[in-house]
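Just so we're on the same page: letters track the sequence lines, and every chain starts at 1.
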Number of protein chains: 2
Amino acid sequence: MVSIKEIASDIGVSAATVSNALTGKGRVSKEMVARIKTRAEELGYRPSTAARALKTGQTGILGLVMPDLTNPLFPRIAQTLSQAAETKGLGILIADSRGSAHEQSEALRRLVGRGVDGLLVVPQRGTTPDPMPVPVVVINTASDPLNAVSADHAGGGALVARHIADIGHRRVVILGGDPVSEVQRDRIAGMQAALRPDMQASVFWGDAGVAQAVAEVQAGATAILTTSDLIALRMRSQLMQAQIAVPEQVSLTGFDDMSFAPIMHPALTTVAQDVDTIAARAIDIITSHIRGETPDTHGQTVPMRLVVRNSTTIPKDQPTRRHLP
Amino acid sequence: MVSIKEIASDIGVSAATVSNALTGKGRVSKEMVARIKTRAEELGYRPSTAARALKTGQTGILGLVMPDLTNPLFPRIAQTLSQAAETKGLGILIADSRGSAHEQSEALRRLVGRGVDGLLVVPQRGTTPDPMPVPVVVINTASDPLNAVSADHAGGGALVARHIADIGHRRVVILGGDPVSEVQRDRIAGMQAALRPDMQASVFWGDAGVAQAVAEVQAGATAILTTSDLIALRMRSQLMQAQIAVPEQVSLTGFDDMSFAPIMHPALTTVAQDVDTIAARAIDIITSHIRGETPDTHGQTVPMRLVVRNSTTIPKDQPTRRHLP
DNA sequence: TTTGGCTGATTAATCGTTAAATCAGGGGGC
DNA sequence: GCCCCCTGATTTAACGATTAATCAGCCAAA
């Protein structure tokens with residue numbers, strides 16, 4: 001490994017001058033800067049992150065903690081986050097909090113122990129991370145709007161509910177996975193707010209809810225709005241066993257546009273998160289905090305996008321009533 | 001942050017002694033070790049990873065490069081790898097190679113630039129990572145058996161093919177996604193090797209293959225063996241459109257036991273990777289290499305496990321012929 | 001000619017930890 | 001009583017980069 005000293009002695013100058021030339025900090029003549037930079041390039045110089053970290057106290061590494069890495073949504077977040085971080089010269093160290101709030105705290109502490117400059121957290125359902133000695137940005141939970149960035153889950157719920165209303169459904173089922181999850185509650189709240197006065201909605205939760213939903217459809221409901229593609233897929237299986245056709249007899253929607261949504265049958269109407277924007281904004285906010293600035297782009301929520309596929313259609317036995325929004 | 005010096009002056013001893021006591025390296029009396037350790041604990045001492053890295057040249061961080069973080073299988077690998085690394089006091093820095101072999105090399109180089117002690121690579125389809133200045137362990141591609149650990153894809157293929165043969169199928173379709181992928185070729189080779197002499201198998205690839213498979217089923221094939229749950233799901237959609245019932249008219253199998261496999265309808269018979277073992281072994285091998293040892297556990301392949309669910313059954317219009325393995 | 005200011009560079013200290021070399025002192029062998 | 005060895009510590013230097021403080025010239029103004 002070639003160090004700053006070698007470049008210095010090679011050119012016949014002091015190490016400090018090389019450092020100044022490379023970082024553009026001190027006072028070095030134009031020509032000298034050029035000479036040093038080209039020579040550094042030639043020798044393939046890479047600054048030692050360890051030495052820099054020791055001296056400056058900054059590692060250039062962010063910690064990423066996710067509730068459960070096996071969540072199918074994780075890859076997209078991790079990927080975009082890692083790419084966004086890359087553009088700012090930051091690396092991402094991962095950890096998962098394996099289901100418990102306690103493990104979440106442990107993971108955060110370990111990452112801090114490793115000297116990360118900041119933390120990105122997708123919190124456990126219903127938890128808020130402890131205060132940490134480094135900046136923290138919370139993703140997908142609108143706790144503290146100053147250092148949180150989240151998809152507009154309520155808005156997404158409204159989008160899909162409005163779609164269902166627009167194509168003529170009047171009696172619907174809303175199916176959530178776990179009422180502890182703030183995200184899911186937000187989505188449902190958004191759905192409910194977007195329903196019209198003449199509509200009727202039953203809200204069910206969890207595995208029991210799947211069975212209840214079948215009954216409700218048999219009693220006349222024509223659409224099922226779920227808070228997750230996974231729940232939608234499970235619902236689809238139950239409907240199949242109950243010999244209820246999708247979308248002919250009942251429309252079905254998911255949430256998150258997971259990998260299998262476009263290739264299941266029928267292709268699932270769902271709501272997609274703008275993961276790129278969320279990631280970019282999270283990185284923006286945390287880098288601002290690290291530099292001690294106030295981020296100009298506060299954690300407003302990021303709009304979601306309705307993806308209409310084949311699992312939703314106009315209700316059977318009912319005239320098409322198309323309302324303008 | 002409390003440093004080694006503070007503990008030293010606090011107790012009235014030199015910094016070197018504290019370091020020796022904490023790492024157990026030099027010569028320190030039992031009592032002194034105890035005093036130092038308890039005092040360090042009290043003060044909440046955390047060694048500076050930066051300083052240690054600078055001095056020893058080791059960061060305690062591994063780089064993980066995956067072909068495409070959006071692959072639904074990634075989370076499980078990342079999670080188990082991160083947990084296995086954790087037990088050895090190592091952190092994991094992620095990067096993805098976004099589809100191209102060139103990006104893969106770039107990602108590797110960036111991680112090396114960050115000073116990782118070793119690299120874990122799940123290579124792009126059909127590529128072999130360049131030589132690197134740190135130890136590299138390749139996952140799921142049996143290139144160099146000394147520093148590679150892989151699921152026994154051929155064995156997995158054999159498992160599922162034998163299952164299909166055992167329950168009486170005689171004319172089958174094998175459906176792969178991309179012939180460039182060594183993993184998929186291995187799986188198919190395993191399937192073919194396990195077929196009986198009196199069986200007949202057609203191999204198709206990609207999106208076109210899905211349509212061909214439908215035709216082949218209509219011509220008399222009673223089972224479709226795919227190399228991925230994603231392909232199986234796509235196949236299922238096509239079969240549905242063609243009004244072919246699974247498993248009544250055709251049995252269907254996947255690969256990898258992805259999140260949706262148990263909840264699709266019918267629940268998918270598939271082959272699961274022992275991700276825990278793969279991850280643990282990968283970490284074992286790489287830590288050995290980092291310590292300069294020869295790993296005792298060479299990269300043998302890790303057996304796969306057949307998961308029988310409802311998508312496979314005895315062929316219709318045919319006597320049940322149950323053979324012993 | 002002296003003083004002051006500016007430029008472009010150098011010195012030296014520092015971050016926290018580790019490792020090799022050194023040292024003080026006690027006990028045992030002869 | 002002398003020498004040697006062993007134990008338990010200490011000194012010292014180093015890892016590579018950054019940064020405050022300093023310094024040598026040089027030019028211009030007084």
A.B. asks: Where the side chain of A:Gln124 meets the backbone of A:Gln104, is there a donor-acceptor pair that is under 3.5 Å apart?
C.D. replies: no
A.B. asks: If you check every side-chain atom of B:Lys5, which of D:dC15, C:dT17, D:dT10 has the closest atom?
C.D. replies: C:dT17
A.B. asks: Grab the CD1-C1' distance between A:Ile4 and D:dT18 for me, whole Å please.
C.D. replies: 8 Å
A.B. asks: Could you tell me whether the side chain of B:Lys55 has a donor or acceptor atom within less than 3.5 Å of a complementary atom in the base of C:dT17?
C.D. replies: no
A.B. asks: Round to the nearest Å and state the distance from A:Glu6 atom CD to D:dG16 atom P.
C.D. replies: 8 Å
A.B. asks: Return the value, rounded to whole Å, for the distance between atom CD of A:Gln58 and atom C1' of D:dT18.
C.D. replies: 13 Å
A.B. asks: Does the side chain of A:Ser29 get closer than 4.0 angstrom to OP1 or OP2 of C:dG8 through an N or O atom?
C.D. replies: no
A.B. asks: Determine the contact category for B:Leu54: base if any of its heavy atoms lies under 4.0 Å from a base atom, sugar-phosphate if only primed atoms, P, OP1 or OP2 are that close, otherwise nothing.
C.D. replies: base
A.B. asks: If we ignore hydrogens and angles and just use 3.5 Å, is the side chain of A:Thr287 paired with the main-chain N or O of A:Ile283 as donor and acceptor?
C.D. replies: yes
A.B. asks: NA contact type, B:Thr17, heavy-atom cut-off 4.0 Å: base, sugar-phosphate, or nothing?
C.D. replies: base
A.B. asks: Between B:Asn140 and B:Gln273, does a side-chain contact (heavy atoms from CB on, under 4.5 Å) hold up when you go through it step by step?
C.D. replies: CA-CA 10 Å; B:Asn140 260 356; B:Gln273 302 198 25; 3.4 Å; yes
A.B. asks: How is A:Ser14 classified with respect to the nucleic acid when contacts are heavy atoms under 4.0 Å: base, sugar-phosphate, or nothing?
C.D. replies: base
A.B. asks: Side chain of B:Ala16 only, heavy atoms from C-beta on: which candidate in C:dA9, D:dA17, D:dT10 is closest?
C.D. replies: D:dT10
A.B. asks: Can you find a side chain N or O atom of A:Arg52 that sits less than 4.0 Å from OP1 or OP2 on D:dT18?
C.D. replies: yes
A.B. asks: In this structure, how many angstroms lie between the P atom of D:dG16 and the CE atom of A:Met1, rounded?
C.D. replies: 11 Å
A.B. asks: What integer distance in Å separates A:Ile7:CD1 from C:dA9:C1'?
C.D. replies: 17 Å
A.B. asks: Can you measure A:Leu22 atom CG to D:dT18 atom C1' for me and round it to whole angstrom units?
C.D. replies: 12 Å
A.B. asks: Taking only the side-chain nitrogens and oxygens of A:Thr23, find out if one of them lies under 4.0 Å from OP1 or OP2 of D:dT18.
C.D. replies: no
A.B. asks: Please examine the side chains of B:His289 and B:Val136, heavy atoms only from C-beta on, and report whether any two atoms are closer than 4.5 Å.
C.D. replies: no
A.B. asks: Answer with base, sugar-phosphate or nothing: what part of the nucleic acid does A:Val18 contact at a heavy-atom distance below 4.0 Å?
C.D. replies: nothing
A.B. asks: Can you identify which nucleotide, out of C:dG16, C:dA19, D:dA17, has its nearest atom closest to the B:Lys25 side chain?
C.D. replies: C:dA19
A.B. asks: Would you kindly give the CD1-to-C1' distance between A:Ile11 and C:dT10, to the nearest whole Å?
C.D. replies: 16 Å
A.B. asks: Is atom NZ of A:Lys5 surrounded by more than 12 heavy atoms (other residues, nucleotides or ligands) closer than 6.0 Å?
C.D. replies: no
A.B. asks: If you assign each of B:Ala51 and B:Asn20 to its closest nucleotide in DNA chain D, which residue comes earlier from the 5' end?
C.D. replies: B:Asn20
A.B. asks: If you assign each of B:Thr56 and B:Arg27 to its closest nucleotide in DNA chain D, which residue comes earlier from the 5' end?
C.D. replies: B:Arg27
A.B. asks: Does A:Ser19 place a side-chain N or O at less than 4.0 Å from the phosphate oxygens OP1/OP2 of D:dT18?
C.D. replies: yes
A.B. asks: Round to the nearest Å and state the distance from B:Arg46 atom CZ to C:dT17 atom P.
C.D. replies: 12 Å
A.B. asks: So with a 6.0 Å cut-off around NZ of A:Lys88, is the heavy-atom count from everything else above 12?
C.D. replies: yes
